[in-house]
Amino acid sequence: MKDPGKESRRHSLRSVVSRDDSLLPLDLLIERCIKVFLTTRSEVLDTDLSATLAQMCIQLTADRALFIINPDENYADPYVVESSVTESAAHLQPEYNARLLARNLPDWRAAIVDQSVRVIHQGDDLSAAEQCLWQALQGESLLIIPVVGRQPEAGCLLFSFSTKKSLSDAEASLLSTFAQLCYLVIDRIRVVDHLQRREQLLFRTERLANIGSWRDDIVNDRINLTPQAAEILELPEDTQSIQLARYIAFVHPEDRERFSTTLKRSYETGDATEMIYRVLLPSGNEKYIHGLGETIQNEQGITIARSGSIQDITEQQAKERRLHQASVVFESTMEGIVITDANASVEAVNPAFSAITGYSEQEIIGRPISVLKSGQYGRDFYHNMYDAIDNHGYWRGEIWNRKKSGELFPEWLTITAVRDGNQRISHYVGVFSDMSQIKESEQQLEHLSFYDSLTNLPNRTLLLNRLENALEKAHGSQRKVALIAIDLDHFKHINDSLGHPVGDRLLQAFSHRVRKRLRDSDTVARLGGDDFMVVLEDVNSVEQVQTVVNIIQGLLTSPFDAGVGQELFISVSMGVTLYPDHGSSVTQLLSNADVAMFRAKKQGRNGYRFYSNDMTQAASDRLELGNQLRKALQRDDELQLYYQPQVCVNTGKIIGAEALIRWHHTSEGVIAPGRFLPVAEDNGLMPELDAWVLRSACRTISRWQAEQRRTIQVAVNITQPTFVAGGLVELLQKLLQQYQIAPGWLELEITEGALLEPTPQVLDTIAGLKELGVALAVDDFGTGYSSLAYLHRYRVDKLKIDRSFVNSIEDQDEGRVITTTIIHMAKGLGLDVLAEGVETEQQLEFLRQNQCETYQGFLFSQPLPVDKMEALMAKVPS
């Protein structure tokens with residue numbers, strides 16, 4: 001693109017030169033040329049000067065002109081401009097002669113030492129210096145005009161003439177002035193260019209170093225910024241200055257007070273400052289700044305300005321933090337770290353290295369890392385190790401090494417290669433951890449994987465392995481394998497009454513007795529809780545197994561000392577199954593042994609049973625019945641509530657009813673509670689079944705209450721699993737609100753077993769029931785373990801005398817005594833009494849004479865469906 005200014009100047013000079021028919025006087029021409037020349041710029045300086053010289057050549061009738069300025073302390077090269085106005089003169093001397101003259105400064109500089117303007121002619125007696133100038137331009141005459149600058153021989157202006165030339169003093173003076181003004185213009189432009197180059201160099205240097213400069217004009221409250229300073233602060237590119245308050249606003253709030261205090265002190269004392277602080281920029285970027293500043297004071301010692309630099313050291317700070325973190329990790333990590341040179345000589349280790357190996361830093365530095373070798377690996381091992389490092393950059397694996405003490409230890413080691421800029425390995429870094437404890441833990445875990453932690457007997461996993469091996473050995477031979485499942489009778493009572501620590505000691509003592517008495521080839525395993533298994537190999541007959549079973553039972557005739565100050569006697573229930581008689585697989589034998597053991601428990605405990613096929617059928621029936629019961633709980637047509645009236649002994653009025661569940665099976669008809677309730681308990685269905693009964697009873701009570709019947713108390717049995725599991729109070733509260741039932745209509749019956757242990761859960765449940773206003777009765781009183789203290793603590797409202805005591809009233813003195821005692825005791829505690837299972841008038845009369853308030857039984861009514869119960873309630877007068 002053309003420069004309009006440059007083109008206009010060319011036109012101006014060309015217009016002056018073209019008026020050769022009426023030339024201006026020399027002084028006016030020089031004045032006009034200078035005016036144009038003074039406006040030139042560095043990019044058009046050579047062109048404008050050449051045009052100016054051409055104009056002077058025309059005015060002076062010269063053929064050629066040459067302007068040369070010598071180099072000085074600021075410029076390494078001379079400045080040369082040539083011009084010619086005639087074609088013949090342009091070919092008179094090649095241009096390279098002028099360049100040659102510029103390179104041969106010492107040869108002609110003597111010609112301008114005296115600073116005189118003069119003309120020399122061809123044939124004159126010329127000095128060597130003048131000869132050198134003559135060769136540059138040649139002609140008939142040569143006008144030499146010296147230029148004075150920073151040095152006497154600053155340069156010269158030369159004009160070449162094809163004819164002899166003479167020059168007046170006035171012309172010489174004008175030309176000298178012209179040459180001097182040209183020098184000044186050229187020098188000014190060169191100085192400006194130099195300063196601009198230095199400024200650009202400064203800016204580039206600042207950018208490369210990420211350093212910006214600033215000058216704080218305190219008087220005018222302006223901080224002048226270089227472009228890099230503005231960029232560091234993320235200001236617009238054209239920002240040249242900002243106020244101090246704005247700069248301070250950039251400083252991070254946590255560093256601002258320190259920054260302002262330091263700045264104020266510098267203003268007051270004139271001291272230089274050096275700070276590292278953070279700036280928080282509008283973009284959200286946080287940068288670390290290293291700031292330097294010096295003060296400028298006036299003659300009165302007052303600080304009027306400050307200047308300095310800011311450097312963005314965010315990345316440097318991040319690197320320093322990372323280095324610090326790496327140093328902290330190196331020093332504090334639990335893993336050993338060793339750094340070697342390329343020849344595997346140790347250069348650095350961390351404290352963990354010394355702690356693990358026993359070598360101090362002073363002992364190991366400079367030694368080969370091979371001092372740790374255990375001697376367990378051959379040359380191929382290490383060759384493969386370093387081959388992996390060369391190919392992949394690292395090696396990782398488990399290796400045994402040797403400590404300073406000579407002890408071998410396992411370690412998990414990672415070796416990484418460090419390469420230099422030429423990709424040559426310069427160092428190796430090894431990071432390792434002592435695996436001794438891990439190996440020991442692995443052994444312990446392996447032991448725990450196969451052995452019970454309490455008794456140190458084989459666990460289920462090891463039992464299965466040994467039983468599988470025993471079956472493989474017995475396969476194809478005449479030998480049998482026996483499996484005995486053992487369960488301690490009533491072990492839960494021991495845990496509940498004496499505590500789990502006592503139970504654990506009892507299990508340990510039992511395990512020790514059995515293990516000590518049986519053969520080493522026999523396996524005694526604990527499967528969990530109080531469940532044990534015995535595997536007998538090389539069994540010849542059933543009698544041999546019976547002998548072992550009798551031995552186990554005989555071990556229990558002696559009491560156990562469980563550390564509670566009293567002797568404990570226990571019994572066990574055992575189930576026996578034989579291979580191949582009762583099964584061919586491990587799973588089948590285990591299942592059959594459990595079935596036989598459960599049959600032994602059902603038949604009174606403290607005994608054993610051999611497996612038979614009918615046991616499996618019974619177990620399958622129970623499993624199927626449990627599945628059907630789960631489905632029945634989801635329907636509305638199978639499970640029903642019957643109600644047995646509870647009657648006042650003296651008036652014969654119905655004052656309550658006990659809700660009893662019945663199962664009307666779709667195919668089997670009515671299933672008695674004695675059959676399906678144990679199944680529900682075995683399958684964990686009792687809480688769900690109890691919730692169903694409560695919901696159904698509340699639904700009936702809600703209808704009775706809405707029909708404005710007289711208030712009767714409906715008793716609902718709550719089993720021990722539901723009572724101790726928690727959530728009963730919340731369920732009742734929800735049902736009372738849902739069906740809008742007055743709590744006086746509802747009574748909960750619980751067995752003595754649920755009250756055996758006064759746990760916080762039991763106490764919280766009873767307190768919640770009392771807060772709801774629901775009555776509490778103890779069912780089957782006298783058959784369990786309750787004490788009077790429990791009855792008082794639990795705030796029981798009623799005792800129900802078990803039917804076994806009522807049935808013995810007529811024919812046993814003991815029954816009459818127990819029943820009378822329970823009634824009198826309840827009266828003494830302020831409790832109501834209800835007798836269950838009253839079937840004869842004699843039983844009722846005995847209860848009346850002993851002031852028992854209420855009863856229920858077949859004498860008055862058997863349990864009735866709800867419609868028949870309602871009809872009876874309407875028939876019996878209130």
Side-chain angles (χ1 to χ4, degrees), residues 72-75 149-150 184 187-318 320:
D72 56 24
E73 67 273 11
N74 293 320
Y75 308 102
R150 291 186 179 85
L184 293 176
D187 187 65
R188 174 184 61 81
I189 290 175
R190 293 180 74 189
V191 168
V192 170
D193 284 349
H194 179 70
L195 291 175
Q196 288 179 342
R197 286 194 298 272
R198 290 188 60 184
E199 185 178 62
Q200 293 301 320
L201 178 61
L202 173 63
F203 290 164
R204 287 197 298 270
T205 303
E206 286 189 352
R207 185 176 298 278
L208 290 173
N210 211 1
I211 296 175
S213 301
W214 54 268
R215 188 179 189 279
D216 181 8
D217 184 351
I218 299 175
V219 177
N220 297 310
D221 189 21
R222 301 302 297 176
I223 301 178
N224 298 317
L225 304 172
T226 61
Q228 186 59 27
E231 182 174 328
I232 291 173
L233 298 175
E234 298 182 2
L235 296 170
E237 292 182 2
D238 58 350
T239 303
Q240 297 181 353
S241 65
I242 60 174
Q243 290 181 313
L244 177 62
R246 186 179 181 191
Y247 188 90
I248 293 178
F250 288 139
V251 179
H252 195 285
E254 296 178 4
D255 297 342
R256 195 170 295 158
E257 182 178 355
R258 175 172 60 87
F259 178 89
S260 299
T261 301
T262 304
L263 194 61
K264 181 180 179 182
R265 186 184 306 115
S266 177
Y267 287 158
E268 295 173 349
T269 64
D271 293 339
T273 58
E274 181 176 3
M275 286 186 287
I276 294 179
Y277 55 92
R278 292 167 294 173
V279 292
L280 191 59
L281 303 175
S283 64
N285 290 335
E286 180 180 301
K287 296 182 178 180
Y288 278 84
I289 300 296
H290 178 214
L292 296 173
E294 294 183 347
T295 60
I296 302 172
Q297 295 181 330
N298 60 16
E299 298 177 353
Q300 288 75 34
I302 298 175
T303 301
I304 57 173
R306 298 179 77 252
S307 63
S309 63
I310 56 173
Q311 182 180 14
D312 183 357
I313 59 170
T314 306
E315 184 62 28
Q316 177 184 339
Q317 288 289 105
E320 289 180 359

Worksheet entry | Residue pair Arg258, Tyr277: steps toward the side chain to side chain contact (heavy atoms under 4.5 Å, CB included) verdict | CA-CA 9 Å; Arg258 175 172 60 87; Tyr277 55 92; 3.8 Å; yes
Worksheet entry | Test log, rule side chain to side chain contact (heavy atoms under 4.5 Å, CB included), inputs Ile248 and Ser260 | CA-CA 8 Å; Ile248 293 178; Ser260 299; 4.1 Å; yes
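With sequence neighbours excluded, the residues satisfying side-chain hydrogen bond (donor to acceptor under 3.5 Å, both in side chains) with Thr314 are Asp312. Take Glu315 and apply the side-chain contact (heavy atoms from CB on, under 4.5 Å) test, not counting sequence neighbours, and it matches Lys319, Arg322. Shown here are the side-chain hydrogen bond (donor to acceptor under 3.5 Å, both in side chains) partners of Asn285, two or more places apart in sequence or in another chain: Glu234, Ser283. Shown here are the side-chain contact (heavy atoms from CB on, under 4.5 Å) partners of Arg265, two or more places apart in sequence or in another chain: Thr261, Thr262, Thr269. For Arg306, the side-chain hydrogen bond (donor to acceptor under 3.5 Å, both in side chains) partners are Ser266, Thr273, not counting sequence neighbours. A search for side-chain hydrogen bond (donor to acceptor under 3.5 Å, both in side chains) contacts involving Asn224 returns nothing, not counting sequence neighbours. Residues passing the side-chain contact (heavy atoms from CB on, under 4.5 Å) test with Pro282 are Phe250, sequence neighbours excluded.
The backbone N or O of Arg222 sits nowhere less than 3.5 Å from a side-chain atom of Asn220 that would complete a donor-acceptor pair.
Within the model, atoms CG of Leu233 and OG1 of Thr239 stand 9.5 Å from one another, a figure rounded to the nearest 0.5 Å. Between the CD atom of Glu231 and the CG atom of Leu225 there is a distance of 12.5 Å, given to the nearest 0.5 Å. In this structure, the separation between NZ on Lys264 and CD on Glu268 is 5.5 Å, given to the nearest 0.5 Å.
Leu280 has its side chain out of reach of Val251: every pair of non-hydrogen atoms, C-beta onward, lies at least 4.5 Å apart. Residues Ile310 and Trp214 meet the side-chain proximity criterion, which asks for heavy atoms closer than 4.5 Å.
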Only pairs under 3.5 Å count here: list side-chain donor-acceptor contacts from residues 298-305, not counting sequence neighbours, and write none if there are none.
residue: Asn298; atom: OD1; partner: Gln300; partner atom: N; Å: 3.0
residue: Asn298; atom: OD1; partner: Gly301; partner atom: N; Å: 3.1
residue: Asn298; atom: OD1; partner: Ile302; partner atom: N; Å: 2.9
residue: Asn298; atom: ND2; partner: Gln300; partner atom: OE1; Å: 3.4
residue: Thr303; atom: OG1; partner: Tyr267; partner atom: O; Å: 3.0
residue: Thr303; atom: OG1; partner: Gln297; partner atom: NE2; Å: 3.3

Could you pull out all donor-acceptor pairs under 3.5 Å where a side-chain atom in residues 286-296 meets a protein atom, sequence neighbours excluded?
residue: Lys287; atom: NZ; partner: Ile232; partner atom: O; Å: 2.8
residue: His290; atom: NE2; partner: Glu274; partner atom: OE2; Å: 2.8
residue: Thr295; atom: OG1; partner: Gly270; partner atom: O; Å: 2.7

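When all heavy atoms of Pro236 and Ala230 are compared, the closest pair comes out as O-CB, 4.2 Å.
Screening residues 238-254 for salt bridge (charged side-chain N to carboxylate O under 4.0 Å, His left out), with sequence neighbours left out, gives Glu254-Arg278.
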